[in-house]
Amino acid sequence: MSDFADRLIRWHRHHGRHDLPWQNTTDPYRIWLSEIMLQQTQVDTVIPYYARFLARFPDLATLAAAPVDEVMALWSGLGYYARARNLHACARTVMTEHGGQFPARAEAIAALPGIGRSTAAAIATFAFGQRAAILDGNVKRVLCRAFGVDGFPGSVAVERRLWALADALLPATDVPVYIQAQMDLGATVCTRGKPRCPDCPMQPICVAHATGRTTELPEARPRKRPPVRTTHMAVITDGMHLLLVQRPPKGIWGGLLSLPEFDRDTPPDAWWRAVAADVPAQVTPLDGLRHTFTHYVLDIAPVRFTVDTLDAIPAIEAARVCALDAVDELGLPAPVRRILASA
DNA sequence: AAGGCGGGGAC
DNA sequence: GTCCCAGCCTT
């Protein structure tokens, strides 16, 4: 076994994480669910979502039989909503094409919706004892530092090199412990900001530590200034109900319910005349808010339209009327939840 | 090969 | 404020 893997596995016995909610099981459903939730999402954020999700969907068959709207509602606030749609699609695929049983080989797992090479390897290893390398953010950071890998790890060339490293370092046995140890080291010792090198089992063989480059590696993503976009959001209510729209499956907040939007340059009363000319409404601007995404900034100007009845507002596509006291149970984007909480 | 896709934690 | 997280998918 490589010195790298050996050090990692020995470190994990006393310093790894052993009691996360998705550990100490080989149930592929629970492991799969955790891996999807953990994509680009930190452990502490996932834990309450994971518990709620399992309580509502305790097994694959239950999830596959549920309407996708319920899945979206339980995912609301977790972000990257394509994960929820793919999760539901994957459950149905496993039911119909694999007889309700997850395939065991990493290559077959990676063919399922929402599951790429790294997630497939994690499932194959933890649930089925297969031997496959992972390459998530933690592993990339550990490998870049330990082996002094230059370049942005998201670039194709660096990623190819890191996959080769990950494959070459994979031990012959104890693969589940090894993989968990890699993630635990990256999450608790070899962290992005302030790595705890004195506590690190890799320190004697770490290139970044030896060359004083710990804070330089891995190299940061090349910067670009995210654009600012603007929108109006309409809170159309009769005091008891609220008008929401279903967003298209692709794009931002895909598949979620949200508030109707209109152009920031259109005055609210002009927009209202266009969509509901005959319906009298009291128009009230609400406090604006700024929502920051990874790739752009959205300035939202919410406006409340108070009406007597929501029965006929024909010009709004995909509209749905919901009870105000039930909006917490719907799949709504995080900023929409904030607007409604103060509206 | 590059960009789209959320929300929140850490600093 | 910035950066990035148990990445995947589309173009």
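Sequence lines set the chain letters: A, B, ... in the order given, protein chains first and strands last, and positions in each chain run from 1.
Between A/H295 and B/dG4 there is no side-chain polar atom (N or O) within less than 4.0 angstrom of OP1 or OP2. Contact annotation: A/Y296 does not reach the phosphate of B/dG6 (side-chain N/O to OP1 or OP2, under 4.0 Å). Residue A/R141 places at least one side-chain N or O closer than 4.0 Å to OP1 or OP2 of C/dC5. Applying the 4.0 Å criterion to OP1 and OP2 of B/dG7, one finds that A/T294 has every side-chain N and O outside that range. At least one side-chain nitrogen or oxygen of A/W253 sits closer than 4.0 Å to the OP1 or OP2 atom of B/dG7. Between A/H291 and B/dG6 there is no side-chain polar atom (N or O) within less than 4.0 angstrom of OP1 or OP2.
Between C/dT11 and B/dG6, the two P atoms lie 15 Å apart (nearest whole Å). Rounded to the nearest Å, the gap between the C1' atom of C/dC5 and that of B/dC5 is 14 Å. The same atom, P, is picked in C/dC4 and in B/dG3; the two are 16 Å apart, to the nearest Å. Between B/dC11 and C/dA6, the distance separating the two P atoms is 13 Å to the nearest Å. Going from the C1' atom of B/dG8 to that of C/dC9 covers 23 Å, rounded to whole Å.
Looking at A/T41, its side chain has no donor and acceptor atom pair within 3.5 Å of the base of B/dG7. The base of B/dG9 does not come close enough to the side chain of A/T45 for any donor and acceptor atom to sit less than 3.5 Å apart.
Spacing between atom CD of A/Q42 and atom P of C/dG7 amounts to 10 Å, rounded to whole angstrom units. Rounded to whole angstrom, the span from the CG atom of A/L38 across to the P atom of C/dC5 amounts to 13 Å. In this entry the distance linking CD1 of A/I300 with P of B/dG7 reads 10 Å, nearest Å. Note: NZ (A/K250) to P (B/dG6) measures 12 Å, nearest angstrom. Whole-Å rounding puts the A/R85 CZ to C/dC8 P distance at 16 Å.
A salt bridge links A/R117 to A/D167: one of the charged nitrogens lies within less than 4.0 Å of a carboxylate oxygen. By the 4.0 Å N-to-carboxylate-O rule, A/D287 lies too far from A/R338 to be salt-bridged with it.
A/R337 CZ: more than 12 foreign heavy atoms inside a 6.0 Å radius. Within a 6.0 Å sphere centred on CG of A/D308, other residues, nucleotides and ligands contribute 12 heavy atoms or fewer.
Among the protein residues, A/L135 comes within range of no part of the nucleic acid, since none of its heavy atoms lies under 4.0 Å from any strand.
The only member of A/M202, A/R141, A/R7 that meets side-chain contact (heavy atoms from CB on, under 4.5 Å) when paired with A/L185 is A/M202.
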